[in-house]
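In what follows, a structure is listed as structure tokens, so that the remarks can point back to it.
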Number of protein chains: 2
Amino acid sequence: MNVTLRQLRAFTGVYRTRSITRAARELGITQSAASLLIQQLEAQLGVKLFDRSTRSVQPTLAADEAFDAAERMLSDAQGLSRRMRDLAQARAGRVAFLASAGTASALLPMVLAKFRASHPDIEIDMRDVAADDLVPRLTATDAEFAIGSVEGEFADMTIETLTSGRLSAIGRRTADFAARRSLTWDELAQLPTIAMRRETRIRIQIDQALSAQGKRLDPTYEVTLINTALAMTAQGLGLAILPATMLPADQFPTLIARPLVRPAITRPVSLLQRQGRTLSPAAQAFVATARTVLAGRTTPASG
Amino acid sequence: MNVTLRQLRAFTGVYRTRSITRAARELGITQSAASLLIQQLEAQLGVKLFDRSTRSVQPTLAADEAFDAAERMLSDAQGLSRRMRDLAQARAGRVAFLASAGTASALLPMVLAKFRASHPDIEIDMRDVAADDLVPRLTATDAEFAIGSVEGEFADMTIETLTSGRLSAIGRRTADFAARRSLTWDELAQLPTIAMRRETRIRIQIDQALSAQGKRLDPTYEVTLINTALAMTAQGLGLAILPATMLPADQFPTLIARPLVRPAITRPVSLLQRQGRTLSPAAQAFVATARTVLAGRTTPASG
DNA sequence: TCAATTCATGAGCTTTACCTATGAATGTCA
DNA sequence: TGACATTCATAGGTAAAGCTCATGAATTGA
């Protein structure tokens with residue numbers, strides 16, 4: 001057998017109290033059990049730890065030396081337990097995840113704010129990445145999950161849609177525009193528009209959906225960043241063509257979104273996880289927050 | 001129940017090898033036992049430590065955090081065991097003891113030399129003390145034992161005679177002196193002599209023994225230190241009156257001792273220990289060395 | 001001398017720990 | 001694709017350990 005923490009607990013107890021009986025009471029065991037634990041430890045270490053008579057329990061020099069080491073081990077054990085409990089309850093820890101650039105800028109800030117309010121001590125490491133890189137990066141890095149607009153199936157990945165935004169025209173709140181319930185892509189063709197560049201994931205999706213219907217989008221401006229498109233829209237340069245979920249209402253209070261129809265195109269925001277990999281409790285808490293926050297923003301699929 | 005070192009050993013093994021089976025082999029237990037230990041630890045800490053399938057065992061983030069703490073505890077445990085084993089085998093440690101001034105200067109140096117040769121890593125703390133102080137100091141300080149000329153009984157002390165020296169006349173190796181087997185105290189009265197001061201323990205013993213026989217000692221010189229007496233003798237100032245054991249042959253090669261008789265007075269060198277207090281293994285080793293070294297020098301009680 | 005306290009020990013019971021055997025899942029190679 | 005090999009999990013049984021209770025021995029204090 002080997003030294004056990006039980007024995008060390010008994011040892012430090014006896015060392016401090018100079019009494020087997022008192023130490024046993026502290027540990028919630030009987031005096032005889034404590035006596036045995038000390039005997040075991042002495043046999044284990046090959047050293048007498050206490051000179052004991054019925055009337056006194058005197059630590060030996062060896063006990064003096066052993067005491068510090070024993071205390072350190074016990075406090076390490078307690079520290080480990082406490083730390084793990086904190087991790088388990090998501091009161092401590094770190095969440096590393098990937099987010100596509102658009103999601104990170106438009107959708108996640110409010111999730112982050114809510115999460116930070118409820119879990120102030122959890123470190124967050126959000127890495128924004130091109131949408132196409134989400135899956136390869138998730139397999140390669142230590143990120144626990146990814147959030148972004150991804151569709152399809154991937155080996156060793158589970159995918160879950162958190163919310164989905166209808167492709168919309170975003171423009172200034174003019175009386176004319178505000179009156180509209182929706183716009184068709186055909187109507188849009190006659191207006192100045194701002195869309196994402198052709199290489200972007202979102203644009204590819206649009207172009208594919210439209211060409212399936214024999215239509216096409218000829219934007220007045222093409223940009224790379226969502227924020228650029230929104231800023232230009234706010235300046236009245238045209239209507240931004242983006243999922244409605246991508247409009248942060250607080251950043252652009254003058255803008256409103258109206259769904260585009262014929263065809264209606266929806267764009268999911270999905271959560272990607274590696275299969276067979278448990279999320280850390282902190283990450284689980286974050287995902288839960290994301291689910292509730294984003295669920296409130298889902299554009300109904302029909303309408 | 002609580003976290004055990006067994007569990008931690010299994011944990012670090014699995015963490016390192018990424019395999020329950022391999023870790024079990026390392027620990028010399030079966031795979032199923034190792035599997036159970038991991039499950040226990042997880043339940044204990046409330047945290048999943050490994051994502052395991054039949055094909056892979058992946059540490060979680062919690063496991064990454066726990067690993068260092070676990071390793072430290074295990075190495076502390078090993079360090080404790082090793083340190084205690086060293087103490088037990090007297091390969092390390094410290095011996096603190098008291099010695100009366102005379103013993104310390106004349107008798108113990110050779111014991112120290114022999115002990116140091118066989119136990120080079122043991123620290124020695126020898127405190128020389130007036131003979132009368134041996135007992136009070138031994139009860140009050142952390143010294144483990146005392147060596148000196150003490151007779152009688154003391155509460156809570158065990159006493160053991162290590163050697164005893166006959167009171168002798170020590171002089172230069174002249175043909176005349178060397179030819180003598182012994183001297184009587186009466187013969188001594190006509191010669192120049194060097195004795196210890198009246199206050200010293202050794203002198204008190206001499207005076208008592210002589211006065212019991214109606215005799216007395218009138219030394220030419222009275223000194224405090226044994227070495228002074230011997231140095232004066234070496235200069236031919238007179239015969240030193242000391243126990244034969246107190247003559248270090250290597251320091252004073254020109255001197256020889258001849259026992260004093262009528263009466264023959266012996267002076268024990270004793271080992272004092274506190275009753276019910278185990279000596280540390282280092283101290284036991286030292287005492288053993290002292291016993292063997294000093295036993296060789298004992299003057300036969302009769303002769 | 002008696003009562004009280006404290007540590008050690010032995011008997012007996014309960015709990016734990018471990019092993020063997022087996023099942024389930026997954027990756028590999030023909 | 002199907003047989004095979006590997007690996008982890010689980011169930012059942014047994015050996016070992018741990019604990020309690022009861023008791024004994026030693027020592028202190030009244």
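Chain letters run A, B, ... following the sequence lines, proteins first and then strands; every chain starts at 1. All values below come from the heavy atoms of this structure, side chains included, with hydrogens, waters and symmetry mates left out. The model shown is predicted, which means the values in this text are computed figures rather than measured ones.
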Quiz prompt | Per-nucleotide protein contact string for nucleotides 2-12 of chain D, where B marks a base within reach and S marks sugar-phosphate only (heavy atoms under 4.0 Å, - for neither) | solution = ----BBBBB--

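Salt bridge absent: B:R16 and B:E26 never bring a charged side-chain N and a carboxylate O closer than 4.0 Å. A salt bridge links B:D142 to B:R127: one of the charged nitrogens lies within less than 4.0 Å of a carboxylate oxygen.
Summarising the geometry, the separation between CD on B:Q7 and C1' on C:dA17 is reported as 11 Å, rounded to the nearest angstrom. Rounded to an integer number of Å, the gap from A:L5 CG to D:dG18 C1' is 16 Å. Summarising the geometry, the separation between CD on A:E42 and P on C:dC7 is reported as 13 Å, rounded to the nearest angstrom. To the nearest angstrom, C1' of C:dC18 lies 15 Å from CD1 of B:I38. With rounding to whole Å, A:R6 atom CZ is found 10 Å from C:dA17 atom P. A:I29 has its CD1 atom 13 Å from the P atom of D:dC21, to the nearest Å. Between the CG atom of B:L37 and the P atom of C:dT16 there is a distance of 14 Å, given to the nearest Å. For the pair B:L27 CG and C:dC18 C1', the interatomic distance rounds to 13 Å; values are reported in whole Å.
Sorted by first and then second residue, the ring pair (Phe, Tyr, Trp, His ring centres under 6.0 Å) pairs with a member in residues 42-81 of chain A read A:F11-A:F50, A:Y15-A:F67; sequence neighbours excluded.
In the model, A:T17 has no side-chain atom that pairs as donor or acceptor with a side-chain atom of A:S19 under 3.5 Å. A donor-acceptor pair shorter than 3.5 Å cannot be found between the side chains of A:Q58 and A:R52. Using modelled atom types and a 3.5 Å distance limit, the side chains of A:S280 and A:E144 yield a donor-acceptor pair.
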Under 3.5 Å, which N/O atoms of the protein pair with N/O atoms of nucleotides 14-16 of chain D?
none

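Checked against side chain to side chain donor-acceptor pair (under 3.5 Å), A:Q284 has no partners two or more places apart in sequence or in another chain. For A:T289, the side-chain contact (heavy atoms from CB on, under 4.5 Å) partners at least two apart in sequence or on another chain are A:V111, A:K114, A:F115, A:V293. In this view, A:R274 and A:L138, A:M157, A:R277 satisfy the side-chain contact (heavy atoms from CB on, under 4.5 Å) rule, not counting sequence neighbours.
At the heavy-atom level, A:Q40 lies under 4.0 Å from the strands shown only through sugar-phosphate atoms. Across all strands shown, A:A33 has heavy atoms under 4.0 Å from base atoms, whether or not it also approaches the sugar-phosphate.
Along DNA chain C, the nucleotide nearest to A:D156 and the one nearest to B:G28 differ in position, and the one closer to the 5' end is contacted by B:G28.
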